[in-house]
There are 2 protein chains.
Amino acid sequence: MTTLVESSGLPADAFSAKCPTRQVLDHIAGKWTVLVVDALQAGTMRYTELSRRVEGVSQKMLTQTLRALEADGFVTRTVHPTIPPRVEYDLTPLGRSLAEPITALRRWTEEHINEIEESRTRRVP
Amino acid sequence: MTTLVESSGLPADAFSAKCPTRQVLDHIAGKWTVLVVDALQAGTMRYTELSRRVEGVSQKMLTQTLRALEADGFVTRTVHPTIPPRVEYDLTPLGRSLAEPITALRRWTEEHINEIEESRTRRVP
DNA sequence: CAGGATCCGATCAGATACTG
DNA sequence: CAGTATCTGATCGGATCCTG
């Protein structure tokens, strides 16, 4: 059965410029999204934990990525009004579902990194 | 068994800032990479065929994406010196391997697009 | 601790014009 | 047909400073 996009009644097709799938794919394709979603698969994480786990991410980008994931319904943000504040991030069921293909992609890359480095034409960016 | 990155002898870990996996992941995360690799899974394609299949891509971006995929060893570019020229693109074995998790990601998005649209907070970019 | 606000350079990405 | 070259606006992303 083909997935239909509710309002349009058209089948979802990422190759079509008008399909909303494209926007979502663009978000997922962000530089840090894969790593953040993947990190959260290990379970609930606090802001600072995440920033340590995802090495090299600035707080600006981490915050921005988390806000986007929240807006897309992949992540929940829970604020405990204590002092000091404690903010926990967690995957929603939808986010956990997304984490599967995302983890697969990261794992593929890790597993094939040597092959890639070998077959790559010398061109260090 | 853990994958070792040849020159360093360290295990591949995408969360580590120094791991080459990160650069590759960044390439893959490009706006058009997913769609181009995915399109090529159907088989050999000419430049114009690709530009039609991946709706909305400019030739600049298509060319740039294809060159990057070539440099990373995911795609071959075959020029037939005829008039008019005929240039064919194809996945390498490595590229076909990569296409699997990539296709999984596109399919996941297509299959869950309605759920995502529902759970999304109103915020049309 | 978990960010918000701001500045600024790098890069991305589209539109347009031209070519072997 | 399959690009290259160029210009320009958008955005990404890092560094820095500030706060409840």
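Throughout, protein chains are lettered first and strands after them, A, B, ... in sequence-line order, and every chain is numbered starting at 1. Remember, predicted model here, so these are calculated numbers, not experimental data.
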Could you check which residues of residues 83-91 of chain B get a heavy atom under 4.0 Å from DNA chain C? Sort them by number, please. B/P85

Does anyone know the first and last nucleotide of DNA chain D in reach of chain A, 5' to 3', at under 4.0 angstrom to a heavy atom? D/dC12 to D/dG20

Between A/D38 and A/T103, does any side-chain donor sit less than 3.5 Å from a side-chain acceptor? yes

side-chain hydrogen bond (donor to acceptor under 3.5 Å, both in side chains) partners for A/E110, two or more places apart: A/R106

Heavy-atom side-chain contact between A/R77 and A/V87 under 4.5 Å: yes

Same apolar cluster (I L V M F W Y, side chains within < 4.5 Å links), B/I83/B/Y47: no

Atom pair OG1/CG of B/T44 and B/L91 - distance to nearest 0.5 Å: 8.5 Å

Student check: side-chain heavy atoms of A/D90 and A/V75 closer than 4.5 Å: no

Begin from the C-alpha positions of A/E88 and A/R86 and carry the test salt bridge (charged side-chain N to carboxylate O under 4.0 Å, His left out) through to its verdict. CA-CA 7 Å; A/E88 293 183 330; A/R86 178 184 188 88; 3.2 Å; yes

Tell me which pairs pass ring-ring contact (aromatic ring centres under 6.0 Å, His included) where either residue lies in residues 70-116 of chain B, with sequence neighbours left out. B/W108-B/H112

Interatomic spacing from CG in B/L66 to CG in B/L62 - rounded to 0.5 Å: 4.5 Å

Within residues 40-65 of chain A, those residues having any heavy atom closer than 4.0 Å to DNA chain D are A/S58, A/Q59, A/K60, A/M61, A/Q64

Under the 3.5 angstrom rule, does the side chain of A/T3 hit a backbone N or O of B/I113 as a donor-acceptor pair? no

Under a 4.0 Å heavy-atom criterion, DNA chain C is touched by chain B from C/dA13 to C/dG20

Short side-chain to backbone donor-acceptor contact, A/R22 and A/A14, under 3.5 Å: yes

Do the non-hydrogen side-chain atoms of A/D13 and A/T21 ever get within less than 4.5 Å of each other? no

